[in-house]
Amino acid sequence: MNTNTCLSVHQIGRKIQDKWLWRNLTFSLTPGSRLGLGGASGTGKTLLLRALAGLDPLDEGQILWSKEPGEDRNLTPKILPYYRSQAIYIHQQPSLFEGTVEENLQIVYTLAIHEHKTYNSEYIQTLLSQLNRPSDFLKRPAPSLSGGERQILSFIRALQLHPRILFLDEPTASLDPQTTEQIETLIDGWIQEKPHRCCIWTSHDRQQMERVTSDRLEL
Ligand SMILES: Nc1ncnc2c1ncn2[C@@H]1O[C@H](COP(=O)(O)OP(=O)(O)OP(=O)(O)O)[C@@H](O)[C@H]1O
């Protein structure tokens, strides 16, 4: 057992229409690590991130999660809901509910997996100011948000839950350079705030990958 691992994957593989999309993948994420996942379009980065987040199946192999140093847990059906509350996948195109931005943030607490947490408007204000958004951003109807504003909402929705692992799937693709920089700073702060956090980031922007990640995995 590796005592210094957040997540470790062993010989995982995924098939699409009887062909292996990726196979024999084995790697670990250590606390504080930022893994850059590279590869051309269609090589399966999204499907890998979704599988690691417990949202998609694997065709072979095993994912082990260490909630605390020194423990390795198999992602069994029993543990999966809790794991999903701690390891969050941020979509390229986040789906939003009808209603305001604030209602979209609050609705996650009605899910059983987050019932032990509460909406913290003070923390939301902190995140909004770090992202240069006025407080009335919370009152905006979510369906009217631009692509970039949806990404911002998606980040705040994830970070308010204080996750341990983030799977970031081209998360700044719709953002302007200034907001991209703010998001990068936010993720950096989130990682450094607590030990035992880590992330995997995909981006087709090589310079961004160099800025925000320390290790690489190419598909
Ligand atoms: N549910 C599905 N059923 C069948 N094929 C799928 C499914 N989801 C994805 N695929 C296919 O699997 C391949 C990998 O898709 P994926 O979205 O993971 O690629 P990607 O590396 O993230 O691409 P990009 O860089 O363009 O975002 C693609 O050819 C896609 O069409």
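It should be emphasised that the depicted structure is a prediction, and the values quoted were computed from it without experimental measurement. For reference, positions follow the sequence shown, starting with 1. Order of listing sets the numbers, starting from 1, for every ligand and every atom in it.
- For Y123, there are no side chain to side chain donor-acceptor pair (under 3.5 Å) partners two or more places apart in sequence or in a different chain.
- Under the 4.5 Å side-chain criterion, counting only non-hydrogen atoms from C-beta, P171 is in contact with F155.
- Using a 3.5 Å distance cut-off with no hydrogens or angles, the side chains of Q125 and S135 do pair a donor with an acceptor.
- Sorted by chain and number, the heavy-atom contacts of ligand 1 below 4.0 Å come from I16, L21, A40, S41, G42, T43, G44, K45, T46, L47, Q92, E170, H204.
- Residue pairs meeting the salt bridge (Lys or Arg N to Asp or Glu O under 4.0 Å) criterion with at least one partner in residues 104-114, sequence neighbours excluded, do not occur; the list is empty.
- Every side chain to side chain contact (heavy atoms under 4.5 Å, CB included) that R73 has, sequence neighbours left out, goes to W65, K67, E71, I79.
- Summarising the local packing, CD of E60 is surrounded by more than 12 heavy atoms from other residues, nucleotides or ligands at distances under 6.0 Å.
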